[in-house]
There are 2 protein chains.
Amino acid sequence: MNVSAVRVCQLPVVKDSRGSLSYAQYGELLPFIPKRYFIVFDVPEGQTRGGHAHKEVEQFLVCVKGRVSVAVDDGRNRDEILLDSPLVGIYIPPRVWAVQRDHSSDAVLLVLSSDVYDPDEYIRDYDEFLKVAGQR
Amino acid sequence: MNVSAVRVCQLPVVKDSRGSLSYAQYGELLPFIPKRYFIVFDVPEGQTRGGHAHKEVEQFLVCVKGRVSVAVDDGRNRDEILLDSPLVGIYIPPRVWAVQRDHSSDAVLLVLSSDVYDPDEYIRDYDEFLKVAGQR
């Protein structure tokens with residue numbers, strides 16, 4: 001991973017005759033306590049989502065069904081991560097530009113967020129993002 | 001809902017040309033800050049999951065793909081809730097016996113939990129549960 005502080009992790013799974021359970025929890029793979037979750041689904045073919053950074057909010061992404069590609073950019077380096085398993089999580093720290101694309105028709109992306117929704121907390125302009133990212 | 005303190009809620013959804021997003025957050029529909037999440041998937045036909053209560057842990061369940069039926073029981077009353085939409089959440093307080101069954105083959109159940117995993121926190125014996133439930 002070239003993009004500073006973004007972490008991709010393999011999530012634990014408990015698998016038996018009754019099915020599979022994967023998880024993450026605070027103090028282990030989840031580096032914050034989430035106050036909000038959201039799920040993104042029914043994304044039409046060819047659409048992109050995201051296209052912003054957060055000022056302070058941390059996020060943890062898991063594609064719990066299907067697959068989606070997540071591009072991350074810290075203003076200096078870029079990476080693209082294919083999420084195609086409920087056993088892979090990505091931690092995205094604040095001040096990282098992220099875009100999701102190439103959703104499969106059945107894709108369900110779970111996002112845990114370190115704070116509740118605040119529209120003022122988003123950086124939606126890439127030039128503004130580069131200024132903020134340069135102040136690291 | 002006959003079972004005390006179990007709440008079924010309709011989750012907000014933001015739907016546009018880029019797809020759908022549903023969410024819950026602390027202070028609104030989510031009555032606790034989750035320290036752990038888990039997802040249950042690939043449950044074979046005819047299997048049941050759950051079959052326990054928690055001493056103190058609160059949970060919030062959303063079937064983010066497919067469908068599953070959740071039976072809840074507070075020791076006096078029982079109910080069964082069909083989860084077949086990512087826009088429906090169930091809050092399950094402590095000391096409620098819960099069983100999940102009739103999973104569709106594509107079902108993915110998201111569970112947010114108010115605390116990290118602790119095996120001593122489970123009540124796995126129904127008679128013990130009835131004793132605890134009677135002490136409400």
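All chains are named by letter (A, B, ...) in the order of the sequence lines, taking the proteins before the strands, and each is independently numbered beginning at 1. Keep in mind that what you see is a predicted model, and the values were worked out from it rather than measured.
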Q: What residue, out of A:A24, A:S17, A:G46, has the most heavy-atom pairs lying under 4.5 Å from chain B?
A: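 Greatest number of close heavy-atom pairs with chain B: A:A24.
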Q: Flag yes if A:V64 and A:Y23 sit in one hydrophobic cluster, no otherwise; membership is Ile, Leu, Val, Met, Phe, Trp, Tyr, and two members link when side-chain heavy atoms are under 4.5 Å apart.
A: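 Result: no, two separate clusters.
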Q: Residues two or more places apart in sequence or in another chain: which of them pass side-chain contact (heavy atoms from CB on, under 4.5 Å) with B:R49?
A: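 Per chain and number, B:R49 pairs via side-chain contact (heavy atoms from CB on, under 4.5 Å) with A:D16, A:R18, A:L21, B:V40, B:V43, B:Q100, B:H103.
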Q: Pull out the residues in residues 31-39 of chain B that come under 4.5 Å of chain A, heavy atom to heavy atom, sorted by number.
A: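 Counting heavy atoms that sit under 4.5 Å from chain A, the residues of residues 31-39 of chain B involved are B:I33, B:P34, B:K35, B:R36, B:Y37, B:F38, B:I39.
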Q: Hey, any chance B:L30 and B:V8 share a hydrophobic cluster, counting ILVMFWY side chains that come within less than 4.5 Å of each other, even indirectly?
A: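 No.
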Q: Transitively linked via ILVMFWY side-chain contacts under 4.5 Å: B:Y91 with B:V6?
A: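 No.
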Q: Using heavy atoms and a sub-4.5 Å threshold, report which of residues 111-122 of chain A line up against chain B, by residue number.
A: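 The list, in residue order, reads A:L112, A:V116, A:Y117.
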Q: How far apart are the C-alpha atoms of A:D106 and B:D106, what are their side-chain angles, what is the distance that settles it, and do they pass the side-chain contact (heavy atoms from CB on, under 4.5 Å) test?
A: CA-CA 10 Å; A:D106 63 344; B:D106 63 344; over 6 Å; no
Q: Is it the side chain or the backbone of B:L87 that comes within 4.5 Å of chain A heavy atoms, both, or neither?
A: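 Contact with chain A: side chain only.
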Q: With a 4.5 angstrom heavy-atom cut-off, could you sort out which part of B:V62 is near chain A: side chain, backbone, both or neither?
A: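 It is the side chain, since no backbone atom gets that close.
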Q: Please determine whether residues A:V68 and A:L110 belong to a single hydrophobic cluster, defined as Ile, Leu, Val, Met, Phe, Trp and Tyr linked transitively by side-chain heavy-atom distances below 4.5 Å.
A: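 Different clusters: A:V68 never reaches A:L110 through Ile, Leu, Val, Met, Phe, Trp or Tyr contacts under 4.5 Å.
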Q: Do A:L11 and B:L109 share a hydrophobic cluster (ILVMFWY, side-chain heavy atoms under 4.5 Å, transitive)?
A: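 No; tracing contacts between hydrophobic side chains, which count when under 4.5 Å, never links both residues.
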Q: Pick from A:G19, A:S22, A:P44: which one has the most heavy-atom pairs with chain B under 4.5 Å?
A: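 Top count of heavy-atom pairs under 4.5 Å with chain B: A:S22.
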Q: Where on B:Q47 is there a heavy atom nearer than 4.5 Å to chain A: the side chain, the backbone, both, or neither?
A: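 For B:Q47, side-chain heavy atoms alone lie under 4.5 Å from chain A.
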Q: Please go through A:V57's hydrophobic cluster and name the other residues, only I, L, V, M, F, W, Y counting, with side-chain heavy atoms under 4.5 Å joining them.
A: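 Reading the cluster by chain and number, A:V57 sits alone, since nothing else belongs.
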